Amino acid sequence: MTMSGPMNIFDISGRAMSANLTRLNTTASNLANARTVYSNEEDAFRSLKPVFQTAYDRAGVATVDVAEVVQSDMKPVKKHDPHNPLANEQGYVWEAGVDEAAELVDMLETARHYQNNVQVMQTAKSLILETIRMAK
């Protein structure tokens, strides 16, 4: 994907932070739905994953965008729980297709990426302010 105008450091980091917020939102959604049960496999929740794509400006500088959010192919887990009111005639329910450990790793990794981009913006701001002070 090519962008129309030149990007600056704040555009680049800001868009990366926005993409990481989308990733964090999908992780939160996945963790919120983990261990929920459903009466059939078709209705069971499957974890969501953002798909990122690189966005270039005309000068060849790049950042990231979220192209789409897709459902994972992780299958719901069939469990025998005949006392659950959602259980089918055979006593089975389907637990959401969410790998909680992988989601926690994603959450930590996303937080680190977000923090890195905050640091880039803070460093750029400090350098700009120092340049202004030097010019006075």
Side-chain angles (χ1 to χ4, degrees):
M1 176 180 188
T2 303
M3 299 179 55
S4 58
M7 287 188 287
N8 65 43
I9 197 161
F10 297 105
D11 295 328
I12 295 166
S13 289
R15 290 174 70 142
M17 289 167 64
S18 179
N20 278 299
L21 280 177
T22 299
R23 185 177 178 195
L24 194 57
N25 283 334
T26 58
T27 300
S29 176
N30 295 341
L31 288 170
N33 284 286
R35 299 189 188 197
T36 55
V37 293
Y38 301 83
S39 58
N40 61 65
E41 184 177 10
E42 294 77 33
D43 292 341
F45 180 85
R46 287 160 177 81
S47 61
L48 303 171
K49 300 293 177 192
V51 176
F52 296 133
Q53 70 181 27
T54 303
Y56 296 93
D57 74 1
R58 290 185 184 161
V61 176
T63 188
V64 66
D65 284 325
V66 177
E68 64 182 321
V69 176
V70 298
Q71 271 189 340
S72 78
D73 57 359
M74 184 173 181
K75 299 286 185 203
V77 178
K78 185 177 180 181
K79 292 194 169 192
H80 191 255
D81 186 2
H83 300 294
N84 190 309
L86 294 175
N88 64 14
E89 303 80 37
Q90 294 81 30
Y92 289 100
V93 293
W94 281 261
E95 193 171 272
V98 176
D99 181 346
E100 290 178 87
E103 295 299 330
L104 291 172
V105 169
D106 269 358
M107 180 182 64
L108 293 172
E109 184 178 286
T110 302
R112 176 59 62 194
H113 288 212
Y114 191 90
Q115 290 169 348
N116 289 345
N117 281 288
V118 167
Q119 187 61 51
V120 166
M121 291 179 113
Q122 288 174 339
T123 300
K125 177 184 162 192
S126 295
L127 292 172
I128 290 168
L129 291 173
E130 186 61 32
T131 302
I132 290 170
R133 275 190 281 265
M134 288 173 51
K136 287 184 179 184

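Throughout, numbering of the chain's residues begins at 1 and tracks the sequence. Computed from heavy atoms alone, side chains included, the values below leave out hydrogens, waters and symmetry copies. Please read these numbers as outputs of a predicted model, since none were measured by experiment.
- A search for side-chain hydrogen bond (donor to acceptor under 3.5 Å, both in side chains) contacts involving Q71 returns nothing, not counting sequence neighbours.
- Rounded to the nearest 0.5 Å, atoms CG (D73) and NZ (K49) are 10.5 Å apart.
- Residues passing the side-chain contact (heavy atoms from CB on, under 4.5 Å) test with H80, sequence neighbours excluded: P82, Y92.
- Here the OG atom belonging to S29 is positioned 9.0 Å from the CD atom belonging to E103, to the nearest 0.5 angstrom.
- Nearest heavy-atom pair across W94 and S39 is CZ3-O, 3.2 Å.
- Between I9 and the choices V120, V61, N117, the side chain to side chain contact (heavy atoms under 4.5 Å, CB included) rule is met once, by V120.
- The one candidate from T26, L104, D106 that meets the side chain to side chain contact (heavy atoms under 4.5 Å, CB included) condition with L31 is L104.
- Here the closest non-hydrogen pair linking T54 and A62 is CG2-CB, 3.6 Å.
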Practice item. I would like to know whether K75 and E41 meet side chain to side chain contact (heavy atoms under 4.5 Å, CB included); could you show each step before the answer? Key: CA-CA 8 Å; K75 299 286 185 203; E41 184 177 10; 4.1 Å; yes
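- Between the D65 side chain and the A67 main chain, no donor and acceptor come within less than 3.5 Å of each other.
- The hydrophobic cluster around F45 extends to Y38, L48, F52, V64, V66, V69, V98, counting ILVMFWY residues whose side-chain heavy atoms fall within less than 4.5 Å of a member.
- Separation of atoms CD (Q115) and OG1 (T110) is listed at 11.0 Å; rounding is to 0.5 Å.
- Applying the salt bridge (Lys or Arg N to Asp or Glu O under 4.0 Å) test to E130 and every residue at least two apart in sequence or in another chain returns R133.
- The salt bridge (charged side-chain N to carboxylate O under 4.0 Å, His left out) analysis of residues 119-129, with sequence neighbours excluded, yields no pairs.
- The side-chain contact (heavy atoms from CB on, under 4.5 Å) test applied to I128 returns F10, I132, not counting sequence neighbours.
- For the pair E95/R35, a side-chain contact is recorded, criterion being any heavy-atom separation below 4.5 Å from C-beta on.
- Tracing side-chain contacts under 4.5 Å through hydrophobic residues (I, L, V, M, F, W, Y), one never reaches V105 starting from L108; they form parts of separate clusters.
- A donor-acceptor contact shorter than 3.5 Å links the side chain of T123 to the backbone of Q119.
- By the rule that hydrophobic residues join a cluster once side-chain heavy atoms approach within less than 4.5 Å of another member, V70 and M74 end up as members of separate clusters.
- The CD atom of E68 sits 12.5 Å away from the OG1 atom of T22 when rounded to the nearest 0.5 Å.
- Using a distance-only test at 3.5 Å, with no hydrogens or angles considered, a donor-acceptor pair links the side chain of T27 to the main chain of R23.
- Residues K79 and V37 have side chains not in contact (no heavy-atom distance under 4.5 Å, counting atoms from C-beta outward).
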